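Count residues from 1 along the sequence. These numbers come from a predicted model, not from an experiment.
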Amino acid sequence: MYRFLLTPRWWGINVFVALAIPLCIFMGTWQLGRFEDRAEAQKEAERAPTAEELKPTPLDELLPVDKETSGRTATASGSYGEQFLVPGRQLEGRTGSYVLTLLKTDGGRALPVVRGWLPEGAAAPAAPAGRISVAGALQASETVGKDGVHAAGGLPRGQLAMISAASLVNVVPDQVYDGWVTLTEADAGLRPVPATLPEGAGLDLKAFQNLGYSGEWFAGVAFILFMWVRLFRREVEMLKDAELGLALEAETETETGGEDAGAAGADAAGADPVAAAVAAVPGPAGADGRVQDSGTGSAAGRTSV
């Protein structure tokens, strides 16, 4: 009954199923793991920071910026230089701009420092002059697609679309740190900008996309199994139908032969036995010597007499 499973067609189907199901399970598990990592990072961000994390640390000791160092309090010293506005930033439902000032550190590189948030249309206050020390939450360079980042071109001079070393490399002559700091205490006339979760952490839209993708991969496993069972049952039903079709054909032929024999017997039994006997007897020879039918010869003889 199940020998069809050894045919080339079913060999191909079975090999496909054997490879596709582990792949779907692996990909679904991987996507689910990414979602769980983001959920764990969200919990880490929501918990109260430890004393070690709150302790100010020199900037160079926290680089490069990663999930472990993002949000840590970094300190740096130097003097402020060029200043920029980063428009289109939201704070508590209001639109305004970040005031970004480059701090030229003692090492010669420039550190982007967000001194605070400015309401739309307001004038940015000048940066403090002279040597200064800053402390703030360390943040990774922004990228296109991150929340609040708009890579709009055609901005006027003195404005930036996003905060990153890539956006500043062609604007300032100094080397720029790959990261930036938002001051814990904003300067006068500005509001402090809260630190954000590092990219790839937290339950954002991408996290729920990972959860959705994992559901799709696991649904693929169920769909593959469903289709295999459906094809298997269809093949078995076709074989059963074929066997039943042959049996019915043989039975039909037997019944047809019996009916034909019965009909022939009935026809023979219904014939007139006397007429059959008369027709079988040869008549007398005529004048020309030919044998006439018995009925015809008798009539001719009677006529001659």
Side-chain angles (χ1 to χ4, degrees), residues 53-91 96-118 122-199:
E53 293 172 343
L54 291 174
K55 180 181 177 181
T57 306
L59 174 65
D60 292 334
E61 296 181 13
L62 299 177
L63 297 176
V65 186
D66 54 22
K67 292 182 180 180
E68 297 296 328
T69 60
S70 179
R72 296 277 300 274
T73 303
T75 59
S77 299
S79 57
Y80 280 127
E82 295 185 66
Q83 183 165 283
F84 302 90
L85 292 179
V86 186
R89 298 307 174 99
Q90 299 282 332
L91 183 63
S97 301
Y98 290 170
V99 178
L100 175 68
T101 308
L102 295 180
L103 179 72
K104 189 169 183 178
T105 62
D106 298 335
R109 289 196 289 176
L111 172 66
V113 177
V114 174
R115 295 169 47 225
W117 178 86
L118 187 70
R131 183 177 176 78
I132 190 171
S133 296
V134 298
L138 181 63
Q139 302 283 272
S141 291
E142 295 180 336
T143 57
V144 178
K146 190 176 181 180
D147 293 342
V149 177
H150 304 283
L155 293 176
R157 184 179 178 83
Q159 294 188 9
L160 299 173
M162 59 183 178
I163 308 172
S164 67
S167 63
L168 290 165
V169 66
N170 295 324
V171 179
V172 295
D174 301 321
Q175 290 185 345
V176 181
Y177 280 100
D178 188 15
W180 53 284
V181 169
T182 174
L183 295 183
T184 306
E185 297 181 2
D187 291 341
L190 301 174
R191 298 183 63 181
V193 175
T196 60
L197 291 174
E199 188 173 0

Quiz prompt | Qualifying residue, where the test is side-chain contact (heavy atoms from CB on, under 4.5 Å) with Tyr177 and the options are Leu168, Leu138, Asp60 | solution = Asp60
Quiz item: With Tyr98, which of Leu160, Val86, Leu190 fulfils side-chain contact (heavy atoms from CB on, under 4.5 Å)?
Solution: Val86
Exercise. Applying side chain to side chain contact (heavy atoms under 4.5 Å, CB included), name anything that partners Ala127, two or more places apart in sequence or on another chain.
Key: Tyr80, Gln83, Thr101, Arg115
Expected output: side-chain [X] to main-chain [Y] donor-acceptor under 3.5 Å:
{"X": "Trp117", "Y": "Ala186", "answer": "no"}
{"X": "Ser141", "Y": "Gly179", "answer": "yes"}
{"X": "Thr57", "Y": "Lys55", "answer": "yes"}
{"X": "Trp180", "Y": "Ala140", "answer": "yes"}

Practice problem: Flag the pair Pro112 / Gln139 as yes when at least one side-chain heavy-atom distance between them is below 4.5 Å, and no otherwise. | Solution: no
How close do [X] and [Y] get, counting heavy atoms only, and between which atoms?
{"X": "Pro194", "Y": "Pro192", "answer": "CD-O, 3.6 Å"}
{"X": "Pro128", "Y": "Asp187", "answer": "CD-OD2, 3.9 Å"}
{"X": "Ser97", "Y": "Pro87", "answer": "OG-CA, 3.4 Å"}
{"X": "Ala188", "Y": "Pro125", "answer": "O-CG, 3.7 Å"}
{"X": "Val181", "Y": "Ala74", "answer": "CG2-CB, 4.4 Å"}

Quiz item: Which pairs count as salt bridge (charged side-chain N to carboxylate O under 4.0 Å, His left out) when at least one residue sits in residues 131-140, sequence neighbours excluded?
Solution: Asp106-Arg131
Rounded to the nearest 0.5 Å, what separates atom [atom1] in [X] from atom [atom2] in [Y]?
{"X": "Arg89", "Y": "Ile163", "atom1": "CZ", "atom2": "CD1", "result": "5.5 Å"}
{"X": "Leu59", "Y": "Thr69", "atom1": "CG", "atom2": "OG1", "result": "9.5 Å"}
{"X": "Arg72", "Y": "Asp66", "atom1": "CZ", "atom2": "CG", "result": "10.0 Å"}
{"X": "Leu155", "Y": "Leu85", "atom1": "CG", "atom2": "CG", "result": "10.5 Å"}
{"X": "Leu62", "Y": "Thr75", "atom1": "CG", "atom2": "OG1", "result": "8.0 Å"}
{"X": "Ser133", "Y": "Leu103", "atom1": "OG", "atom2": "CG", "result": "8.5 Å"}

Practice problem: Just do the side-chain contact (heavy atoms from CB on, under 4.5 Å) check on Leu183 and Val113 with the steps written out, would you? | Solution: CA-CA 7 Å; Leu183 295 183; Val113 177; 3.7 Å; yes
Quiz item: Around Gln90, counting heavy atoms of other residues, nucleotides and ligands shown, do more than 12 lie under 6.0 Å from its CD?
Solution: yes
